[in-house]
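Everything on this sheet refers to the single structure shown next.
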Amino acid sequence: MAKFSLFPESASTIAGQVDGLFFFMIAVSTFFGLLVAGLVVFLSIRYRRRSDAVATDPPLLNSLRLEVAWTIIPFLISMVMFYWGASVYVTMARPPDDAEEIFVVGKQWMWKLQHIEGRREINELHVPVGQPIKLTMTSEDVIHSFYVPAFRIKADVVPGRYNTLWFEATKVGTYHLFCAEYCGTEHSKMIGSVYVMEPSDFQEWLSGGSGSAARSAAPVEVGRTLFAEKGCVTCHKAEGSMMGPSLVGIFGSERELAAGTRVVVDEDYLRESVLNPQAKIVAGYQPVMPTFAGQLDEEELLALVQYIKSLEPVDARDESAEAHAGQGEGNG
Amino acid sequence: MSEAAAAHAHDEHHHEGGFVSTYLFSLDHKMIGKQFLLLSLFMMIIGGLLALMVRWQLAYPEQPVPGLAWVPEPYLYDGIIPPETYNMLFTMHATIMIFFVVIPILVGAFGNFLIPLMIGTKDMAFPILNMLSFWIAAFAGGLLISSFFVEGGAAAGGWTAYAPLSAAEVYTGVGLGQDLWIISLVVLGISSMMGSINYITTIINMRAPGMTMFRLPLVVWSLFITAILLLLALPELTAAMAMLLFDRRFGTAFFLPEHGGEPILWQHLFWFFGHPEVYILILPGMGIASEILSVFSRKPIFGYRAMAMAMIAIAFLGWVVWGHHMFQSGMNPTMGMAFMTTTMVIAVPSAIKTFNWLGTLWGGNIHFTTPMLHALAFVSMFVIGGLSGIYMAATPVDIFIHDTYFIVGHIHYVVFGGSIFAIFGGIAYWFPKMYGRMMNETLGKIHFFGTLLFFNITFFPMHIIGIGGHMRRIYNPEQYEFLEPLLHWNEIMTIGSIGLGIFQIVFAVNFFWSMFAGEKATQNPWHANTLEWEAPTPPPHGNFLVTPTVYRGPYEYSVPGEKEDWLPQARPGSGVAAAH
């Protein structure tokens, strides 16, 4: 029998915070569990049947003071848990601004991952230590769930939408990656590994590694090509057109819709606008865009979204992006 | 059938109909209650055997199940469970235990048997609806069992049937079996709705003179609240099931994203039903435990009104906590916070109830009968299930333990440790009134201690392996290198579950032996106050020889100044403690 430890190994910045809250809850629940079980046993023995059938002293029937006490105390403890839990939850829900993005596509029964530079992996994920990583995830078929016990993170990978998850690994090593949501016959074989590497090793791995087969174009480049090939560029010109709005700089902005409501442009909105263009029409435009459902797979969609995110107004760019400027204007 | 039924309706006080009208299509609420009880106990055997197969696979993966070499392919291969069958096993185990065991016993059996007797009336408001409710439930059970034998086997989408996995045949390979699963639950929903309408109407309109709402025994309160929850929750589930069936068979896309559907919608619909469902499973158990604890402590229940109010609070809050099942489904954190708060707050009424049960014991004169032992176990085990539930309210912790064995341990402490102990206690307590004979106390105690011990061996380690990262619904844990240090727990739990199964044979023997050969019961063997003990044992069709009049609350035990330590609700009397 191996050495017993309650929690799996912890190797992310969030793991310690989750475990701290977890320990607090275990302490509270053990205390109350033992208190109640102890009282059940103690009271049962103390007040077991006595020889005389009728109780001699009038027993306690009701007590407002006690009722109030055992209403208020559990309430206060639960509010401590809420506050503590909520503060960790907020950290978990908000990826840091400097997080590197990695794309995840789940399918029965494998994980497909792609780095922003283009390198693809299957059932394996290489990441540098000490670098926040943001996963943008979707599924090709049913719901899966991306679960790395050592990082204390888990999020469902849902078809038809993007879910995100972020972590920052703190220790070099190999960690298990599982699908936690039951996803069909071979669910239990949907297993992978996360390799946490020194940043220098990671760069080396990223730039060459095990041969050119694993290398492919960066998603943003794939997206640029698709934007031209699928004809998006015809209507969505950089300067805008009668047919469609310009997409330059729209990511993260708020748009007014024809229906009068407003929407923040995020990955899910872009995805929906490609697949179901009639759902949210921007004010001032006609619902003329055809759907691209069935013409793009999940990875192509991610690439296209990535490209649209990269479109920034010319004046907002720094010099290093100068080289892309011409193409950006041409296609946007 | 309708002839017999009609003949029966005219024949209220004498029970001399033929076999068919007495035992099959009876309109008597007591017989219908007993029918529900037997049907559910039969289903419990099936559900239990499925669970034992699941446990076998987890402890001894891909080794032949002893004694099952005869099962044909593709269900088993020389006794070895393939993943397709494994997925079917845990899906059907949960479906059967929740929908065809715990609900029908608590609501169908105890609800039917107890409500008219305890409120002092002769039958349910709608006896024919009541009879139909049983036979529709039996039909639904038949549909579900039949799904094992169709091509592709029974449903394998998990009892939660998350779309799109459950919404298209291609994802699980199960065709007709999943459709039958859906239809069976829709049909069962119709039965439950009939029952609920009946219970609500009966409790509101047919209470005996003097039986005010705050003189109702807590078990009747719990059944009343449960009936309201069922009435509101089930139509919503039925609608969701219909949508799922349409997605599978008629080309709609409510939940299929490739045609614009939304998989998360299913989760909202399912858990909007599913969380009130958890309280449907536990509230009547709380009611039963309250009755037994008061009677065998020979003491009034501590804080009667607080107990009733706490159940009402749980019933209300139960509607606004469903999102805690979906924290990692991709929820807006603002909404997540709201669900966190409500889930934390629901711990409060549960704590009130627990401490009031302890207050009931305090200063009592405790009789350790079999029903009392089960009620004491209910309190202790329910507390573990309740406390492990709070972990789900703290989102960061929930995200870590979601879909692990911690959750499986939690639900079993609530539904087995809570509801099933209450059911065993309730059966032993009301058996004399049901069958006119006492259950055997020795066998009852052997069954109790064996069940308590092996229950904990089977389910407590689930918390430990869950925290260790052991996921639920995995076919072969040996595929996971990091679970190796935890695998011996799987063997311990499986041995525990076999022991648990063996001790249930003691219960079955006691149940049937006592039914025919047990010691004859007197009218009120426990010296209890509530109205069912005013009726003859066993009560005739029509229940009471004279409609009782109620003078006081249900729990006036050990009233100072009284000669005896009990003071029945229907006894006009000394008035020393007519305080209620």
Pair [X] and [Y], ring centroids less than 6.0 Å apart:
{"X": "A:F178", "Y": "B:Y480", "answer": "yes"}
{"X": "A:W109", "Y": "B:Y475", "answer": "no"}
{"X": "A:Y175", "Y": "B:F482", "answer": "no"}

Looking at side-chain heavy atoms only, is the closest gap between [X] and [Y] below 4.5 Å?
{"X": "B:I390", "Y": "A:M81", "answer": "yes"}
{"X": "A:V158", "Y": "B:I264", "answer": "yes"}
{"X": "A:L66", "Y": "B:W362", "answer": "yes"}
{"X": "A:S188", "Y": "B:P83", "answer": "no"}
{"X": "B:Y162", "Y": "A:E181", "answer": "yes"}

What part of B:T341 gets within 4.5 angstrom of chain A, counting heavy atoms only: side chain, backbone, both, or neither?
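Both backbone and side chain of B:T341 come within 4.5 Å of chain A.
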Part of [X] lying under 4.5 Å from any heavy atom of chain B:
{"X": "A:H187", "result": "both"}
{"X": "A:I143", "result": "both"}
{"X": "A:L35", "result": "side chain"}
{"X": "A:D141", "result": "both"}
{"X": "A:M137", "result": "neither"}
{"X": "A:M92", "result": "side chain"}
{"X": "A:Q108", "result": "side chain"}
{"X": "A:Q17", "result": "neither"}
{"X": "A:A155", "result": "both"}

What residue, out of B:E258, B:E262, B:M381, has the most heavy-atom pairs lying under 4.5 Å from chain A?
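Most heavy-atom pairs within the cutoff with chain A belong to B:E262.
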Can you see whether A:Y147 engages B:D403 through a side-chain donor-acceptor pair at a distance of less than 3.5 angstrom?
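No, because no side-chain N or O of A:Y147 sits under 3.5 Å from a partner of the opposite role on B:D403.
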More than 12 heavy atoms of other groups within 6.0 Å of A:K189 NZ:
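For A:K189, atom NZ is not crowded (no more than 12 foreign heavy atoms under 6.0 Å).
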What verdict does the side chain to side chain donor-acceptor pair (under 3.5 Å) test give for B:Y391 and A:S29, after you've listed the backbone C-alpha separation in whole Å, the side-chain angles of each residue and the deciding distance to 0.1 Å?
CA-CA 9 Å; B:Y391 292 68; A:S29 55; 2.5 Å; yes
For the residue pair B:F355 and A:W70, categorise the inter-ring angle as parallel (less than 30°), tilted (30 to 60°) or perpendicular (more than 60°).
parallel
Would you check if the side chain of B:N365 reaches a backbone N or O of A:Y47 as a donor-acceptor pair within less than 3.5 Å?
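No, because the side chain of B:N365 does not come within donor-acceptor range (under 3.5 Å) of the backbone of A:Y47.
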Would a distance-only check, ignoring hydrogens and angles, find a side-chain to backbone donor-acceptor pair under 3.5 Å from A:R161 to B:G330?
yes
Step by step, work out the side chain to side chain donor-acceptor pair (under 3.5 Å) result for B:E84 and A:T185.
CA-CA 6 Å; B:E84 291 84 356; A:T185 310; 4.6 Å; no
